[in-house]
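See structure below.
Residue numbers start from 1 in every chain, and the chains themselves are labelled A, B, ... in the order their sequence lines are given, proteins ahead of strands.
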Protein chains: 2
Amino acid sequence: MSVKTPTVYDVAAQAGVSIATVSRVFRQPEAVREATRERVMAAVRELGYVPSASARGLAGRRTSVLGLLLPGHDDLEPGRSAPVRSGEVAFIDDRAAALTPTSPNLYFDELLRGVEVASWRAGYALTVTAGRGMSREMVLSDIAGRVDGLAVVARTLSDDLVSRTARRLPIVVLAGTGAGGVDHVEVDNRGGMRALSRHVLQVKPPGPVLYLEGPRQSPDAEARAAGFGEAVDGADEDVHRRPAEFTHEGGYAATADFLRVRRPGAVVAANDQSALGALDALRRVGVRVPTQCVVTGFDGIDAGRYANPSLTTVRQPMTALGERAVEVLLRRLGEPELPPCGLQLPVEVLLRDSCPPAD
Amino acid sequence: MSVKTPTVYDVAAQAGVSIATVSRVFRQPEAVREATRERVMAAVRELGYVPSASARGLAGRRTSVLGLLLPGHDDLEPGRSAPVRSGEVAFIDDRAAALTPTSPNLYFDELLRGVEVASWRAGYALTVTAGRGMSREMVLSDIAGRVDGLAVVARTLSDDLVSRTARRLPIVVLAGTGAGGVDHVEVDNRGGMRALSRHVLQVKPPGPVLYLEGPRQSPDAEARAAGFGEAVDGADEDVHRRPAEFTHEGGYAATADFLRVRRPGAVVAANDQSALGALDALRRVGVRVPTQCVVTGFDGIDAGRYANPSLTTVRQPMTALGERAVEVLLRRLGEPELPPCGLQLPVEVLLRDSCPPAD
DNA sequence: TTGAAAGCGCTAACAC
DNA sequence: GTGTTAGCGCTTTCAA
């Protein structure tokens, strides 16, 4: 730390070879005679030599780094723990917790793991950015200079910015339809909701079907609504669509509202959090799930597993999504001129207590 | 992409200035006359110039990158979605979901956000690694060459490896006690559990107290057990400690077991998942929460908010943890010779329905 | 199998 | 204010 960090020159001197040989020991060990190699490695260990990624990147014209650009959370206030003095413990009345919206970051963790694993496996490091504060342009031009390729979560960047950047740097868009001529990997929202909804129709007790659409102009919500539409289309069911925020509160309100007029035989929600809200609303008025009414969600968040009854849902393969994204990136890195590709990943329906298997 | 990426030389030529001026426009814009600056920026835009981080790093002897090393998940099998053909949707009977353990990754997401925000704010990019596959040594020496400082989640690396690396590179250990002479930032597990337990004793209905300890040799579990001990010490309570895995299943089993003999007036669990299991076990035998028995967890996972009744718990400020870690790193970057520091972050008790406020 | 030498693109003195 | 220049530490021909 305080001492000068050793370089190839130091290692070369110590081992009595040229810097080219030191480099070879790392890049193509088999091209160096065993004895020489061992002498070099000994020097490396003794000196604690670590190759500089910057120098490598500059000489090799590649950074060996991939980037992941997540949606920002500009509203995240820094250091919420400030008000409490060290050693003290604050008590907070949080009984209304379920009503407050959670951040939609729920599965970025999984996504990150997928991207990270695949990157590392391919010999790339991973740089993660959520770019807030400064403008998207600045964030983008910052990482653009650091990486060999970039995975961008849909709607993090404007379509225009994406396709402009894609001209200079391999880019893949995650969980969104391709922004026009750009590689993308998405999840089969429509097919998943269609399959789930068909199952619902098959097992539901009598009564109307309440569909909780997500917010307007969410591509996910749209695709799911389309899938639901395909499932109920032609079926002889009394279907009611209601907008509902993608939150517990949103699902609760929409369901409670509906309950004032009718008793549903099924509530199909476009995401898990609103489904959990629906579950709550039904419980309040004493409707039994799943015997009197089945309930389903979408996403596969953890809370659904622990809900009571546990929530039937469609699980998005976020880890796989991340891995595929990297594969697509690597493909383009290898063959820049390939036509843009779009990949759609299959989903899984998780049948749990709120809408159990048919038998 | 196909065309050669422009460099400072191209920009300089295009703008009719020297490369030094181009560099200045980016590093100290105020040192360049406005007219010149605009000429340069025009060239930058026209050419789509993006500074190379490698060249910068090499010339400036700093990468402007911070590293975050998360515990590996070596067991994560790649691409679980393979068996399903595209366009098809698999149905999985997942009714026992709550019983299977979740990965303990629950709050890495938050941690990441904290680290990311703070890094970016300080002008650093963030490289994330979970280092599996190859040995920790290799992972470490790979990122060591890429970053100016490193945040390591506790128990990801051996103490020895940490302190060895700390000699060459600023390191901060997260959520663990300092491995000896290394900066660290942790959470007040003991104080949090102590405060929560005191509250429990204050509001609990009559009956013994069941304490669900976590697994052996988890430092977190130990610290929490100590805090609980301090709270009940001297109190006139019938206390029963039981080991329980940090899973729903573990909490369920231990509680159900206890219920065969006694009826607790309180179940204090050392983590949220086991508390949710306890909640389930109590419900099965018809014990009312919180009127007949109060229940508490620890961690603040999302599922606790949606549980019924919602779970009283202690929330770990993971985002703040990440931010503090970066601050510590920056501090050491600035003054390498400072004595090692240890920071302990306060926690918050979230009072929810399973063990409500006193009044 | 090894070495010499020419960059890679940028920063930071220093000179003008 | 702006230009010149000497590296930063590594990879990679090309010779030996």
Side-chain angles (χ1 to χ4, degrees), chain A residues 3-41 43-44 47-65 123 141-142 144-148 168-169, chain B residues 3-41 43-44 47-65 123 125 141-142 144-148 168:
Chain A
V3 277
K4 182 186 164 299
T5 50
T7 72
V8 262
Y9 294 97
D10 303 314
V11 175
Q14 169 96 7
V17 299
S18 75
I19 61 163
T21 299
V22 176
S23 181
R24 282 195 199 97
V25 167
F26 283 89
R27 321 276 320 151
Q28 17 175 0
E30 66 290 350
V32 178
R33 196 197 307 149
E34 167 124 24
T36 316
R37 199 192 315 151
E38 280 176 359
R39 210 141 33 86
V40 171
M41 284 312 291
V44 165
L47 266 36
Y49 166 74
V50 171
S52 147
S54 297
R56 274 203 171 165
L58 182 54
R61 266 155 289 237
R62 60 196 294 264
T63 62
S64 295
V65 176
S141 87
D142 183 295
R146 306 181 172 279
V147 303
D148 292 334
R168 313 213 128 275
L169 188 75
Chain B
V3 276
K4 181 186 163 301
T5 49
T7 72
V8 262
Y9 294 96
D10 303 314
V11 175
Q14 169 95 11
V17 298
S18 75
I19 60 164
T21 299
V22 176
S23 181
R24 282 194 202 98
V25 167
F26 283 90
R27 320 277 315 156
Q28 17 174 358
E30 67 290 350
V32 178
R33 198 196 307 148
E34 167 124 26
T36 318
R37 199 193 314 153
E38 280 175 0
R39 211 141 32 87
V40 171
M41 284 313 292
V44 165
L47 266 36
Y49 166 74
V50 171
S52 148
S54 298
R56 274 199 171 169
L58 184 54
R61 265 159 289 240
R62 60 195 293 264
T63 61
S64 296
V65 176
S141 85
D142 184 296
R146 304 181 173 280
V147 303
D148 292 335
R168 312 213 127 279

> Is a side-chain N or O of B:Asp148 found less than 3.5 angstrom from the main chain of B:Thr63, in a donor-acceptor match?
Replying inline: yes
> Is there a donor and acceptor pair closer than 3.5 Å between the side chain of B:Arg61 and the base of D:dG9?
Replying inline: no
> Donor-acceptor pair, A:Arg39 side chain versus A:Ala15 backbone, under 3.5 Å?
Replying inline: yes
> Rounded to whole angstroms, how far apart are CG on B:Leu47 and C1' on C:dG9?
Replying inline: 14 Å
> Taking atom P of D:dG7 as reference, at what distance in whole Å does atom CZ of B:Arg62 sit?
Replying inline: 22 Å
> Does A:Ser54 have a side-chain nitrogen or oxygen under 4.0 Å from the phosphate oxygens OP1 or OP2 of D:dC10?
Replying inline: no
>> Using every non-hydrogen atom in the two residues, find where B:Arg168 and A:Pro6 come nearest and quote the distance to one decimal.
In response: NH1-CD, 4.0 Å
> If you check every side-chain atom of B:Arg24, which of D:dT2, D:dC14, D:dC10 has the closest atom?
Replying inline: D:dT2
>> In whole Å, I'd like the distance from the CD1 atom of A:Ile19 to the P atom of C:dT2.
In response: 15 Å
> Hey, does the side chain of A:Thr36 come within less than 4.0 Å of C:dT1's phosphate (OP1/OP2), counting only N and O?
Replying inline: no
> For D:dT2, does either OP1 or OP2 sit under 4.0 Å from a side-chain N or O belonging to B:Arg33?
Replying inline: yes
> Does C:dT11 have OP1 or OP2 sitting under 4.0 Å from an N or O in the side chain of B:Arg27?
Replying inline: yes
> Considering all heavy atoms of both residues, which atom of A:Arg146 and which atom of B:Ala53 are nearest to each other, and what is their separation?
Replying inline: CG-CB, 3.7 Å
> Under 4.0 Å between a side-chain N or O of A:Ser18 and OP1 or OP2 of C:dG3?
Replying inline: yes
> For DNA chain D, whose closest nucleotide is more 5', that of A:Gln28 or that of B:Val17?
Replying inline: B:Val17
>> Can you tell me if A:Ser23 touches the phosphate of D:dT11, counting only side-chain N or O atoms and a distance under 4.0 Å to OP1 or OP2?
In response: yes
> Rounded to the nearest Å, what distance is computed from the CG atom of residue B:Leu58 to the C1' atom of nucleotide C:dT11?
Replying inline: 10 Å
> For C:dG9, does either OP1 or OP2 sit under 4.0 Å from a side-chain N or O belonging to B:Thr7?
Replying inline: no
> At under 4.0 Å, does any side-chain N or O of A:Arg56 touch on OP1 or OP2 of D:dT11?
Replying inline: yes
>> For a quick test of reading the model: is some side-chain N or O of A:Tyr9 closer than 4.0 Å to OP1 or OP2 of D:dG7?
In response: no
> If you take all heavy atoms of B:Leu58 and A:Ala55, which pair is closest and at what distance?
Replying inline: CD1-CB, 3.8 Å
> Between A:Thr21 and C:dT2, does any side-chain N or O lie under 4.0 Å from OP1 or OP2?
Replying inline: no
> Base, sugar-phosphate, or nothing: which does B:Phe26 touch, judged by heavy atoms less than 4.0 Å apart?
Replying inline: nothing
> What integer distance in Å separates B:Asp10:CG from C:dC8:P?
Replying inline: 11 Å
